[in-house]
Structure formats: structure tokens, C-alpha cells
Amino acid sequence: MKVVIDSNVLLVAVGRRSRFRPIWQAFINGDYQIVISEEIIHEYEEILNEHSAPGVAALVMEILSISPDVIYKRIYYAWNMIKSDPDDNKFFDAAVAANADFLITNDSHFNDVLNISFPRINLISADYFLTILHDLKRQE
């Protein structure tokens with residue numbers, strides 16, 4: 001399973017006491033692949049440096065740089081579908097470029113793309129992704 005994770009979800013998923021921690025742990029366990037682009041990795045680093053404990057950003061960047069479950073996508077086309085916050089387009093563009101199974105976000109700006117027919121992406125919340133991960137574990 002290939003997913004694009006918005007920085008707001010990654011930020012809460014790496015927290016040790018967060019209820020979203022299973023999202024990060026499932027990635028570490030190799031249960032899914034994260035799609036990133038150059039712009040996304042820079043935003044991850046910036047957001048983690050700004051909002052997490054010292055050293056967390058460096059650790060996450062190191063893990064992402066060596067993980068076999070990271071898919072790097074070079075973005076050749078900007079769809080510009082998210083008008084309410086154009087900075088979020090990087091996540092949408094990566095999801096389209098990688099034909100990702102899901103784009104995971106808790107950001108309401110992504111509601112801009114809920115009713116488009118092309119290009120279609122599966123936009124889900126972090127809570128729903130937790131349900132998917134839980135169901136995958138039960139099937140094993």
C-alpha cells in the first residue's frame with residue numbers, strides 16, 4: 001500500500017504518547033510505503049523541527065533516508081487543485097504522480113478536491129487510516 005502523509009499527520013504520528021503513533025509504527029514495521037517528493041521532505045523537516053522535541057526531526061529524516069519503504073517521486077506537473085491553501089498542492093501532486101492508494105490528512109483545505117472526478121485521489125483522515133491498519137493486522 002502506497003500512501004502520501006500530510007505533515008500534520010506525520011507530526012502527530014511520531015509522538016510517543018500520541019494515539020496516532022500506530023501510523024508511524026506501522027511504517028517502521030514495513031506495513032505500507034510512504035510517497036515523498038523533494039518539497040514534502042523539506043516540509044516534514046521544517047514542521048518537525050518547529051513543533052517536536054529536539055532530535056526528533058533528525059531521527060525521522062534519517063529513517064526516511066534509509067527506509068526501503070519510501071518512494072521518492074519527482075513531480076513533473078502541478079495540478080494546482082487546492083485553492084484554499086496552495087502550499088498543500090505538493091501532497092496532492094505526489095499522490096497523483098505515484099498513483100497512491102491514499103492521501104492521509106486532517107487538513108480541511110483538502111476538501112477542495114473531494115468532488116473532482118479527475119485526477120481522483122482517495123483522501124482519508126488519520127483516524128480512518130488507523131482503522132485500515134487495524135483491519136490489516138487482524139487479517140494477518
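Both V60 and I41 belong to a common hydrophobic cluster when Ile, Leu, Val, Met, Phe, Trp and Tyr are linked at side-chain heavy-atom distances under 4.5 angstrom. Linking ILVMFWY side-chain heavy atoms closer than 4.5 Å, directly or via other members, places I71 and I66 in two distinct hydrophobic clusters. With hydrophobic clusters built from ILVMFWY side chains whose heavy atoms lie under 4.5 angstrom apart, V12 shares a cluster with I47. Residues Y77 and V4 are members of one and the same hydrophobic cluster, defined by side-chain heavy-atom contacts under 4.5 angstrom among Ile, Leu, Val, Met, Phe, Trp and Tyr. Under the 4.5 Å side-chain heavy-atom criterion for ILVMFWY residues, a single connected hydrophobic cluster contains both I63 and I5.
Between V14 and L59 the shortest side-chain heavy-atom distance does not fall below 4.5 Å. Counting heavy atoms from C-beta outward, E38 and Y72 have side chains that approach closer than 4.5 Å. Contact check for L48 versus L11: side-chain heavy atoms found under the 4.5 Å cut-off. Proximity of H134 to P22: side-chain heavy atoms (C-beta onward) are nowhere separated by under 4.5 Å. Residues D127 and L130 meet the side-chain proximity criterion, which asks for heavy atoms closer than 4.5 Å.
The distance from atom CG of L133 to atom CE of M1, rounded to the nearest 0.5 Å, is 5.5 Å. Distance check: F129 CZ to I104 CD1 gives 4.0 Å after rounding to the nearest 0.5 Å. To the nearest 0.5 angstrom, W24 atom CH2 is 11.5 Å from R16 atom CZ. Expressed to the nearest 0.5 Å, how far CG of N80 lies from CG of N89 amounts to 5.0 Å. With rounding to the nearest 0.5 Å, the separation of CD in E39 from CZ in R74 is 12.0 Å.
The backbone N or O of A94 lies less than 3.5 Å from no partner atom in the side chain of S37, so there is not a single donor-acceptor pair. For the pair Y128 (side chain) and L123 (backbone), a donor-acceptor distance under 3.5 Å is absent. Judged purely by atom type and a 3.5 angstrom limit, D69 has no side-chain atom pairing as donor or acceptor with the backbone of I34.
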For side-chain contact (heavy atoms from CB on, under 4.5 Å), just list the numbers for F92 and T105, CA-CA rounded to whole Å, side-chain angles, deciding distance to a tenth of an Å, and then say yes or no.
CA-CA 11 Å; F92 180 87; T105 185; over 6 Å; no

Applying side-chain contact (heavy atoms from CB on, under 4.5 Å), run through I121 and V96 and close with a yes or a no.
CA-CA 7 Å; I121 61 164; V96 171; 3.8 Å; yes

How far apart are the C-alpha atoms of F102 and Y32, what are their side-chain angles, what is the distance that settles it, and do they pass the side-chain contact (heavy atoms from CB on, under 4.5 Å) test?
CA-CA 11 Å; F102 303 107; Y32 64 90; over 6 Å; no

Pair I40-F91, side-chain contact (heavy atoms from CB on, under 4.5 Å): steps then yes or no:
CA-CA 7 Å; I40 289 172; F91 298 100; 3.8 Å; yes

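Side-chain atoms of E46 and H42 form no donor-acceptor pair, as typed in the model, at a separation below 3.5 Å.
When all heavy atoms are compared, the tightest approach of I23 to A126 is CD1-O, 3.8 Å. What you find for I75 and A97 is that their closest heavy atoms are CD1-CB, 3.9 Å. Among all heavy-atom pairs drawn from N106 and N8, the shortest one is N-OD1, 3.3 Å. Contact detail for S52 and A57: the closest heavy-atom pair is OG-N, 4.3 Å.
Heavy-atom neighbours of R120 CZ from other residues, nucleotides or ligands within 6.0 Å: above the threshold of 12.
Each of D93, D87, D88 was checked for a salt bridge (charged side-chain N to carboxylate O under 4.0 Å, His left out) with K90, and the lone residue meeting it is D87.
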